[in-house]
Amino acid sequence: MHTRIRVAALAAITLFLVLGHPTVHGFGKGASGPDVYAVQAMLKSIGYYSGPIDGQYGPLTERGVRLFQSRYGLPATGAVDTQTLQSILWAYAEAKIPQRTQPPAKEQPPAQPPGKVPSISTAEQRMVNLVNQERQKAGLHGLKVNTELSRVARFKSADMIENDYFAHESPTYGSPFDMMRNFGITYRAAAENLACNSSVDAAHEALMNSPGHRANILNATYTEIGVGIVDGGMCGQMYTQMFIAK
């Protein structure tokens, strides 16, 4: 299975590098075939897709594409167009293809999409800083950013937007605890905070004014945090904070 996934993805990248700009007749939900298989493989490899590699463009594939588009500043349509495919190819190549120290003189590098995704975004780091400032004021140790947990938190925020709900129990992933375990996160204690707001500072203030959410932020047990912020939803942005202790 892993060999098939890598062959499909590398075949797509080879097409891109040879032709420069592949001809893509946009495809999305309901599509099937080798193009869908390759996109699923690449998105899964770089952490934007958690479903099966089956060549069927269902809701999980659409959600993964939409999350990738949102993180790369592309229109979050959930469908693959030329720009989206180019960005996916670049992101996969950047992560998986060893860079040549001296490329051939006539070789041109593939076009870079708008902005490389950092381990966490500026907004997510801002929220972590606000949480740790509150903990410092309370005499508690700061929380370490867990980038894998942040990735899971982004999936949760995107899922709430995609499925139009606001709750700890996800129709896609189940409880926060089930979701963390299914994504390979190990912990001895865990919690989740959710917010729907228009800015990081406003979301943080709302969480601190809620006794239950404030208690999670100021819980001395937790040692690591993941924050996932995704544009969309009824308030403008969806925020997920995940806390764990190992």
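Residues M242 and I185 are not in side-chain contact: their nearest non-hydrogen atoms beyond the backbone lie 4.5 Å or more apart.
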Between L143 and V128, is the side chain to side chain contact (heavy atoms under 4.5 Å, CB included) condition met? List the steps.
CA-CA 8 Å; L143 298 176; V128 171; 5.9 Å; no

Let me see the working for N193 and F243 under side chain to side chain contact (heavy atoms under 4.5 Å, CB included), right down to the final yes or no.
CA-CA 8 Å; N193 281 351; F243 305 87; 3.6 Å; yes

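Taking the side-chain contact (heavy atoms from CB on, under 4.5 Å) definition, one finds that R126 meets it with L130, V200, D201, sequence neighbours left out. Listed by chain and number, the residues in a side-chain contact (heavy atoms from CB on, under 4.5 Å) with E62 are K29, Y57, R66, E162 (sequence neighbours excluded). For R151, the salt bridge (charged side-chain N to carboxylate O under 4.0 Å, His left out) partners are E148, not counting sequence neighbours. Residues that satisfy the side-chain contact (heavy atoms from CB on, under 4.5 Å) test with E224, not counting sequence neighbours, are K144, N146, I244, K246. Every residue two or more places apart in sequence or in another chain that forms a side-chain contact (heavy atoms from CB on, under 4.5 Å) with A138 is listed here: L140, L218.
In terms of heavy-atom proximity, M238 sits nearest to C196 at SD-CB, 3.9 Å. Of all non-hydrogen atoms in M180 and A190, the two that sit nearest each other are SD-CB, 3.8 Å. When all heavy atoms are compared, the tightest approach of T223 to A245 is OG1-CA, 3.7 Å. Here the closest heavy-atom approach between residue A153 and residue G228 is recorded as CB-N, 3.4 Å. For the pair I161 and D231, the tightest heavy-atom approach, listed with the atom from each and the gap, is CD1-O, 3.5 Å. What you find for I225 and L149 is that their closest heavy atoms are C-CD2, 3.9 Å.
Panel note: side chain H141, backbone A220; a donor-acceptor pair is recorded below 3.5 Å. Not a single donor-acceptor pair under 3.5 Å links the side chain of Q40 to the backbone N or O of T61. For the pair R63 (side chain) and G78 (backbone), a donor-acceptor distance under 3.5 Å is absent. A donor-acceptor distance shorter than 3.5 angstrom exists from the side chain of E124 to the backbone of I229, with no hydrogens or angles considered. A donor-acceptor pair under 3.5 Å links the side-chain atoms of S150 to the main chain of V227, judged by distance alone.
If you take CD on E192 and OG on S170, they are separated by 9.0 Å, rounding to the nearest 0.5 Å. Distance CZ/F155 to CG/L60: 9.5 Å, rounded to 0.5 Å.
No hydrogens or angles considered: a donor-acceptor pair under 3.5 Å links the side chains of Y165 and D159. With hydrogens and angles left out, the side-chain atoms of Q133 and N129 include no donor and acceptor closer than 3.5 Å. Using modelled atom types, one finds no donor on one side chain facing an acceptor on the other under 3.5 Å when comparing Q241 with Y239.
Note on R181 versus D178: salt bridge recorded, some NZ/NE/NH1/NH2 to OD/OE distance being below 4.0 Å.
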Hey, can you pull the donor-acceptor pairs under 3.5 Å for the side chains in residues 202-212, sequence neighbours left out?
from: H204; atom 1: NE2; to: E134; atom 2: OE2; distance (Å): 3.0
from: N209; atom 1: ND2; to: E205; atom 2: O; distance (Å): 3.2
from: S210; atom 1: OG; to: H213; atom 2: ND1; distance (Å): 2.7

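Using cut-offs of 30° and 60° for the angle between ring planes, the F68 and Y48 rings count as perpendicular.
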